[in-house]
2 protein chains.
Amino acid sequence: MKKVSLKDIATAAGVSTALVSYVLTNKEKEARVGEEIAKKIREIARKLNYQPNHIARSLKSGRSFTIGLIVADISNPFFGNIARTIEDEAKRNNYTVIFGSSDESSAKSDDLVNVLLNRQVDGLIITPAEGSEHQLRQLQAQNIPFVLIDRFFPEIMASHITVDNYQGAKKAVEHLIRKGRQRIGMIAYKTTLHHISERKRGYQEALQAHGFSASRSLLKTARYSHLKEDMQLAIDQLLNSRHRADAIFFATNSLAIEGLKYINERGIRIPDELAIITFDETDALDLFYCPITFVRQPIPEMGKAAVRVLLEQINQPHKGIEHICIDTTLVVRKSCGKRR
Amino acid sequence: MKKVSLKDIATAAGVSTALVSYVLTNKEKEARVGEEIAKKIREIARKLNYQPNHIARSLKSGRSFTIGLIVADISNPFFGNIARTIEDEAKRNNYTVIFGSSDESSAKSDDLVNVLLNRQVDGLIITPAEGSEHQLRQLQAQNIPFVLIDRFFPEIMASHITVDNYQGAKKAVEHLIRKGRQRIGMIAYKTTLHHISERKRGYQEALQAHGFSASRSLLKTARYSHLKEDMQLAIDQLLNSRHRADAIFFATNSLAIEGLKYINERGIRIPDELAIITFDETDALDLFYCPITFVRQPIPEMGKAAVRVLLEQINQPHKGIEHICIDTTLVVRKSCGKRR
DNA sequence: AAAATATGCTTAAACGTTTAAGGAAGCAAG
DNA sequence: CTTGCTTCCTTAAACGTTTAAGCATATTTT
């Protein structure tokens, strides 16, 4: 039960494979194929249920119509959602998606890039891990089209899609200030990645702009790889000090979730004892007894933009890079309390 | 800056491409390649940074070392987690994963299967949508290896990995009974899919076994495509009737999340006014003010099993099908209250 | 009526691999 | 000195497409 190939159709129709190819790829006009025979070929193709072999086509054309997606972790809903919009958008353009999770490790990411390139992906959409600059430079040297999403490296000239992390963070903190919070803490990942730095900067500048000293002791970090321990320590420090924090701004959804678990454990009441605000949306935040106010990243837009820019880069190699920065929205729930 | 091919290495070494191929695929022994020249070839390959063209290899071998994964929705953490374990396990076996989301639609699923097969995937891991039996039969007729995960069709003889949905549901309901709940409702998807039927059956038989009449009016369903409206209606019906439900068993995590949102909206207190139990784990359930008791499906085991069985089927076509049924665990939190 | 153009098809090479088959050279055995 | 066996390498076909080039035959133009 072998698959049907052009040759089978050609034999059945008593013509050459070339003719079949022309007809089935709708090049009848250019190839001046007779109407009769074209109809016959189509007929036979349908009857034999011909399905083109994409691999052979790719080998010939040098294009696989496949894009590689590297995220930190596909099981994280933020990346799952990104993957979903990229999948849909890719499909609209007749592309399929191969994916891989880097776990924020540049070594794993190296490995993934290699695997995906050997599979001849036409381009990559990457959420780069910390320390993966060399890898991106290599891609550039090889002229492989790629687009960064969620983060980027300022020193690397490459197309990227991000949200305005600085403004987003600023909005979040200003919201807390408006709600009368006096000692606003922040918990971020311990990383030099630019999106996190920008969120930190937004936090700090918002505080300064409103006359608060952005005391270092209120900005805590946790390691991705030791999230639980570091988170507990950070929260303990924020809440046990002489000047207890009365608000916490989490830099990402995974931080918020981990943090809230511990805050629940400690029996701290939101928003009375502590206001909470975070980047990113997730079901968990909706379901919290006191729905969490958050900074929304428009994931569908980001995903669509990523695919669009990547395909442009694939199809028009000399188009130049594109930086897309999308605004965030502050979605106010109840976790910051009322004005006081 | 074209990619380096076997031919380039052959030219550089002054030998034929065949020899290069033998060496680089470690077939020196069988092909009796001279030590000297083998070393030289390897050396050159390294220097030119040769990366094999997977597409060409696939065309020749008829195998792509790619598996297709079709889930209902990659952005749902349950499927995201499945995807993640499958990704990892596939990678361990030098396979990559192409994925697609069917949105529980058999038409979309048809489409996806087609796309993935044209990409010459070696096999498929599928969470089949309702009404997709014909598609699976077609795959069987074409001798395409595939494994079902999460659900299956009893009338179709195919390998599948599931959990013991019947026992899982039974455990959940019995837990509620032990906690003294008298009117236990269930909300499931409106579907004939077997895993859901089994959960319903577990629910009903548990009730009967303990002398409760499994009154139809306590078993509600919601459409995947109209989740929000149907959910609100179902909960209203369960809670507004003369015999108000004092417990709800949700058949999946997405149902639980949607349901809990509405329960929150209505201001119903868990577990005092209403006990909650659900299938599947998710962060949202942990973070709920009253952590939700749930039936855990061992996702990593399921994913690993799926890859294992699929690869067996790919490599030993006459091995026969395999049915793997994994036990669930009841994870008790606080949402069912204390005994009363 | 010869030349030019149009029409409808085939041939053959190419993409980058893999691998069966073949061949030249060297050497041992008869 | 033929025969046969190693050893080491090459040739060439194949996988399923795409597509430039070529070749008849028919039709139009001069």
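Lettering of chains follows the sequences in order, A, B, ..., and the numbering in each one begins at 1.
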From C-beta outward on A:Ser16, which listed nucleotide comes closest to its side chain: D:dT18, C:dT10, D:dT10? C:dT10

Give every pair of a protein N or O atom and an N or O atom of nucleotides 21-23 of chain D that lie under 3.5 Å apart, one pair per line with the distance.
none

Determine, for B:Glu301 against B:Arg308, whether the closest basic-nitrogen to carboxylate-oxygen distance falls under 4.0 angstrom. no

Show every donor-acceptor pair shorter than 3.5 Å between a side-chain atom in residues 145-155 of chain B and any protein atom, with sequence neighbours excluded, or say none if there are none.
{"from": "B:Arg151", "atom 1": "NH1", "to": "B:Glu104", "atom 2": "OE1", "distance (Å)": "3.0"}
{"from": "B:Arg151", "atom 1": "NH1", "to": "B:Pro128", "atom 2": "O", "distance (Å)": "2.9"}
{"from": "B:Arg151", "atom 1": "NH2", "to": "B:Glu104", "atom 2": "OE2", "distance (Å)": "2.7"}

Partner residues of A:Lys108 under the side chain to side chain donor-acceptor pair (under 3.5 Å) criterion, sequence neighbours left out: A:Asp103

Only counting residues at least two apart or in another chain, list the ones meeting side chain to side chain donor-acceptor pair (under 3.5 Å) with A:Ser225. none

Residues two or more places apart in sequence or in another chain: which of them pass side chain to side chain donor-acceptor pair (under 3.5 Å) with A:His134? A:Asp110

Taking only N/O atoms, report every protein-nucleotides 24-26 of chain D pair under 3.5 Å with atom names and distance.
none

Double-helix bend of the helix from C:dA1-D:dT30 to C:dG30-D:dC1, axes at both ends from 5 pairs, round to 10°, gives 70°

All side chain to side chain contact (heavy atoms under 4.5 Å, CB included) counterparts of A:Lys304, not counting sequence neighbours: A:Glu89

If you look only at pairs with a residue in residues 9-18 of chain B, which of them pass as a side-chain hydrogen bond (donor to acceptor under 3.5 Å, both in side chains), with sequence neighbours excluded? none

Under-3.5 Å N/O pairs linking protein and nucleotides 12-15 of chain C:
{"from": "C:dC15", "atom 1": "O2", "to": "A:Lys60", "atom 2": "N", "distance (Å)": "3.4"}

Test side chain to side chain donor-acceptor pair (under 3.5 Å) applied to B:Asn93 - qualifying residues, sequence neighbours left out: none

N/O donor-acceptor pairs under 3.5 Å from side chains in residues 60-67 of chain B, not counting sequence neighbours:
{"from": "B:Ser61", "atom 1": "OG", "to": "B:Arg57", "atom 2": "O", "distance (Å)": "3.0"}
{"from": "B:Ser61", "atom 1": "OG", "to": "B:Arg63", "atom 2": "N", "distance (Å)": "3.1"}
{"from": "B:Ser61", "atom 1": "OG", "to": "B:Arg63", "atom 2": "O", "distance (Å)": "3.2"}
{"from": "B:Arg63", "atom 1": "NH1", "to": "B:Asn315", "atom 2": "OD1", "distance (Å)": "3.4"}
{"from": "B:Arg63", "atom 1": "NH2", "to": "B:Tyr95", "atom 2": "OH", "distance (Å)": "2.7"}
{"from": "B:Arg63", "atom 1": "NH2", "to": "B:Asn315", "atom 2": "OD1", "distance (Å)": "3.2"}
{"from": "B:Ser64", "atom 1": "OG", "to": "B:Thr66", "atom 2": "N", "distance (Å)": "3.3"}
{"from": "B:Ser64", "atom 1": "OG", "to": "B:Gln120", "atom 2": "O", "distance (Å)": "2.5"}
{"from": "B:Ser64", "atom 1": "OG", "to": "B:Asp122", "atom 2": "OD1", "distance (Å)": "3.3"}
{"from": "B:Thr66", "atom 1": "OG1", "to": "A:Arg119", "atom 2": "NH1", "distance (Å)": "2.9"}
{"from": "B:Thr66", "atom 1": "OG1", "to": "B:Ser64", "atom 2": "O", "distance (Å)": "3.1"}

